[in-house]
Amino acid sequence: MPEREEPVRLAIFISGRGSNMKTLVEACLDGDVVAKPVLVLSNSYSAAGLEWASEQGLPIAAIDHRAYDDRESFEKDVQQTLELHNVEFIALAGFMRVLTSWFTEQWEGRMINIHPSLLPKYPGLHTHKRAIEAGDAEAGCSVHWVTEGVDEGAVIDQERVAIQEGDTPDTLAERVLEREHILYPRALAKAIEDFLDREAEDEAEA
Ligand code: GAR
């Protein structure tokens, strides 16, 4: 891993509960990831995870997408907030807004997402219901780089979960979420390492 004086400045985006965000913050504080959470941002004021983040003394921002006429004007305010906090890397953790190419292009190679399916299977919503209805033997979760296409970027890492007889979308979601909490810190560490390698290469070339 290349030397760097400061940890990577990380923003975590949430829309609700924020359980994945908690595992990422804890992994950073434990030193498992060479990143420092500098912002937890939500598109909803009522996201429960904001309260926890604020109790930890982390800077939080709530930008309600419903106050904007279109996605891009919402994203321009998000971008401004990220610049204010000198954010270098974004982890989407249950962030339920689709991002436009205006935003994803600026953050390509510096933004990752967790998705509750074994991508490329079941991008989008209702992943557990779709896996059960298809008669799949297993489900799981993936962390991937974010690109313009929703849930289409290269997969960084995955965790698999057996689908059991009698599973409902809720029981399966619960078991997958346990794996998400193991997967996401591990995948973030990998992604940050990759980001730092690229940064060191660029510096060597300059
Ligand atoms: C997680 O299961 C995550 O994989 C999913 O939302 C949940 C958020 O839970 N994300 C998506 O569906 C993204 N398309 P959390 O707020 O407790 O982390």
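Atoms within a ligand are numbered from 1 in the order they appear, just like the ligands themselves.
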ask   = Nearest non-hydrogen atom to atom 18 (O) of ligand 1 belongs to which of L125, N20, T23?
value = N20

query = Would you call K22 a ligand 1 contact, heavy-atom distance under 4.0 Å?
reply = no

key: R175 with D167: basic N within carboxylate O range, under 4.0 Å   = yes

message = Checking the N or O distance criterion of under 3.5 Å, is ligand 1 in contact with D151?
response = no

request  = Would you name the heavy atoms of S142 and S117 that are closest together and state the gap between them?
outcome  = OG-O, 2.6 Å

query = Which ligand 1 atoms does H115 reach within 4.0 Å, using its non-hydrogen atoms?
reply = 14 (N)

ask   = Which atoms form the tightest heavy-atom contact between A173 and H128, and what is the distance?
value = CB-CD2, 3.4 Å

request  = Decide whether an N or O pair under 3.5 Å exists between A93 and ligand 1.
outcome  = no

query = Between E72 and K76, is there a salt bridge with N-O shorter than 4.0 Å?
reply = yes

Minimum heavy-atom distance between E152 and T147, given as atom pair plus value = C-OG1, 4.0 Å

ask   = Among protein heavy atoms, which lies nearest atom 9 (O) of ligand 1, and at what distance?
value = R17 NH2, 3.0 Å

request  = Specify whether F13 and F103 have parallel, tilted or perpendicular ring planes, treating 30° as the upper limit for parallel and 60° as the lower limit for perpendicular.
outcome  = tilted

Pick from C141, S15, P116, G16: the one approaching atom 12 (O) of ligand 1 most closely through a non-hydrogen atom = P116

E180 N/O to ligand 1 N/O under 3.5 Å = yes

inquiry  = Quick test: of every protein heavy atom, which one is nearest to atom 6 (O) of ligand 1, and how far off is it to 0.1 Å?
reply    = G94 CA, 3.8 Å

Expected output: side-chain E180 to main-chain C141 donor-acceptor under 3.5 Å = no

ask   = What protein heavy atom sits nearest atom 16 (O) of ligand 1, and how far off is it?
value = G18 N, 2.8 Å

